[in-house]
Amino acid sequence: MANVTLVTGFLLVEFSDIQELQILYGVLFLLIYLAVLMSNLLIITLITLDQHLQTPMYFFLKNLSFLDVFLVSVPIPKLIVNSLTYSNSISILGCAFQLLFMTSFSASEIFVLTAMSYDRYVAICCPLQYEVIMNAGACTVMAGVSWAIGGLFGTVYTAGTFFMPFCGSNVIPQFFCDVSSLLSISCSETLLVVYTSIGIGMCLGISCFICIVISYAYIFSTVLKIPTTKGQSKAFSTCFPHLVVFTLFIITACFVYLKATSNTPLVIDRLLSVVYTVIPPILNPVIYSLRNKDMKWALMRLLQKTLGLTSFNTN
């Protein structure tokens, strides 16, 4: 039997071998991270404090903002620290937590986005029953199930991955720990739990995608029956952004978690991983909330209350 060296830690791939560029990348990601935190925390604050935003749609938006904050906070701070300190090491425990939280929050976000599509379906297709169907209890259950299933999936996924031994190279061809990279340095011949988890994840993702497609098929069918162009435009403006963000998120997530194993760090891999981890948390506040009239009025009311201003007319 050949001798193998068990891995006791990992090395993440850097964006550049030039120290000055590494520092530049660190500062850039720091600015992006702060922008994501501030925009999403602002949304959470507005929805929590403003009584006009206590509706199912904004309830799910608040959950989405929480998930965006948590999701971007898993890999990006480590990337910033490594870039600014010119280090690329991560412990096995740190890697395991990265994988656990990334998969958990990603899965939860997909389920919350699915719940949001159902909320829009009920609002547009069944407006008279909206308050009855989307009551507080139903919304709480939908959000709770989304978080719970995400956490369960992340736990099983991570446990299956780190149950196997790692040997040989300790270089992860990615700026955070993902399963495809960890599988490439595994010396285990039994990966049943991992592949079973991947299969379950694919089924759940496809199921959510089908649910969203069906919801929007009914939504678009109903919207096209609206007699006024203004009414159609308003309905489409709230639906298309959600569909675009979900599609972008699910495609990049599939690439990160389902791509073939490789020991060669490709630039396109890291770029798509950046899109997956950073772009949705940046786009979600802009698309869903900050361009929304109700959110703008809520911000004005908060400023009025905080600063004691009286010049805002929120009627």
Side-chain angles (χ1 to χ4, degrees), residues 9-16 21-41 64-110 147 150-151 153-155 157-158 161-162 166 170-185 201 245 248-259 261-262 265-285:
F10 299 110
L11 297 176
L12 301 172
V13 170
E14 301 167 339
F15 278 87
S16 174
L21 286 179
Q22 275 292 100
I23 295 175
L24 180 61
Y25 288 136
V27 173
L28 176 62
F29 278 105
L30 176 60
L31 295 176
I32 294 174
Y33 180 62
L34 292 176
V36 170
L37 286 186
M38 288 189 292
S39 59
N40 281 284
L41 290 177
L64 186 65
S65 291
F66 270 119
L67 286 168
D68 282 338
V69 169
F70 294 149
L71 181 62
V72 80
S73 296
V74 176
I76 300 303
K78 179 64 176 176
L79 171 63
I80 294 171
V81 171
N82 283 0
S83 297
L84 297 180
T85 60
Y86 205 57
S87 171
N88 60 345
S89 62
I90 185 171
S91 65
I92 290 181
L93 184 60
C95 188
F97 276 116
Q98 270 199 352
L99 184 61
L100 170 63
F101 292 135
M102 288 288 288
T103 52
S104 297
F105 296 142
S106 298
S108 297
E109 183 150 337
I110 290 174
W147 285 79
F153 175 69
T155 301
Y157 204 71
T158 304
T161 302
F162 280 88
F166 300 100
N170 65 339
V171 177
I172 296 178
Q174 188 58 272
F175 69 88
F176 64 92
C177 294
D178 66 322
V179 168
S180 60
S181 300
L182 291 170
L183 291 180
S184 67
I185 60 176
V245 170
L248 175 66
F249 185 79
I250 197 74
I251 289 176
T252 53
C254 286
F255 178 86
V256 171
Y257 290 104
L258 303 179
K259 68 182 178 69
T261 59
S262 172
L266 301 175
V267 175
I268 188 64
D269 292 357
R270 281 171 282 170
L271 288 178
L272 286 175
S273 296
V274 169
V275 171
Y276 162 69
T277 55
V278 174
I279 298 302
I282 291 177
L283 287 181
N284 286 341

Revision key, fill the gap. So CG of Leu11 and CG of Asn88: to nearest 0.5 Å the spacing works out to 5.0 Å
Review point. What is the minimum heavy-atom distance between Gly151 and Ser108, and which atoms define it?
Key: N-OG, 4.2 Å
Review point. If you measure from OG1 on Thr155 to CG on Leu99, what distance do you get to the nearest 0.5 Å?
Key: 10.5 Å
Review point. Who pairs with Phe66 by ring pair (Phe, Tyr, Trp, His ring centres under 6.0 Å), at least two apart in sequence or on another chain?
Key: none
**Study point:** Residues which pass side chain to side chain donor-acceptor pair (under 3.5 Å) with Ser73, listed by chain and number, not counting sequence neighbours
**Key:** Tyr33
Practice item. Output all residues satisfying side chain to side chain contact (heavy atoms under 4.5 Å, CB included) with Ser104, sequence neighbours left out; order by chain, then residue number. Key: Leu100
Review point. Going through the distances and angles, do Val27 and Leu84 end up as a side chain to side chain contact (heavy atoms under 4.5 Å, CB included)?
Key: CA-CA 8 Å; Val27 173; Leu84 297 180; 4.2 Å; yes
**Study point:** Note, Leu67 side chain near Trp147 side chain (heavy atom, < 4.5 Å)
**Key:** yes
Point to revise | Between CD1 on residue Ile23 and CD1 on residue Ile80, distance to nearest 0.5 Å | key: 14.0 Å
**Study point:** All side chain to side chain contact (heavy atoms under 4.5 Å, CB included) counterparts of Leu28, not counting sequence neighbours
**Key:** Ile32
Study note, to complete from the structure: For Pro75 and Met102 the tightest heavy-atom approach is CD-SD, 3.6 Å
Check your understanding: Where do Phe153 and Thr103 come nearest, in terms of heavy atoms and distance?
Key -> CD2-O, 4.3 Å
Check your understanding: Rounded to the nearest 0.5 Å, how far does CG of Leu93 lie from CZ of Phe162?
Key -> 9.0 Å
Revision key, fill the gap. OG of Ser65 to CG of Leu37, rounded to nearest 0.5 Å, is 11.5 Å
Check your understanding: If you look at every heavy atom in Phe10 and Ser91, which pair is closest and at what distance?
Key -> CD1-O, 4.3 Å
**Study point:** Residues that Phe97 engages under ring pair (Phe, Tyr, Trp, His ring centres under 6.0 Å), provided they are two or more places apart
**Key:** Phe101
**Study point:** Closest non-hydrogen atom pair between Pro280 and Asp68, with its separation
**Key:** O-OD2, 4.2 Å
Exercise for review: Identify the two heavy atoms, one from Val72 and one from Thr277, that lie closest to each other, and give their separation to 0.1 Å.
Suggested key: CG2-O, 3.7 Å
Review point. Does Tyr25 have any side chain to side chain donor-acceptor pair (under 3.5 Å) partners at least two apart in sequence or in another chain, and if so, which?
Key: none
Exercise for review: Just do the side chain to side chain contact (heavy atoms under 4.5 Å, CB included) check on Cys95 and Ile172 with the steps written out, would you?
Suggested key: CA-CA 10 Å; Cys95 188; Ile172 296 178; 3.9 Å; yes
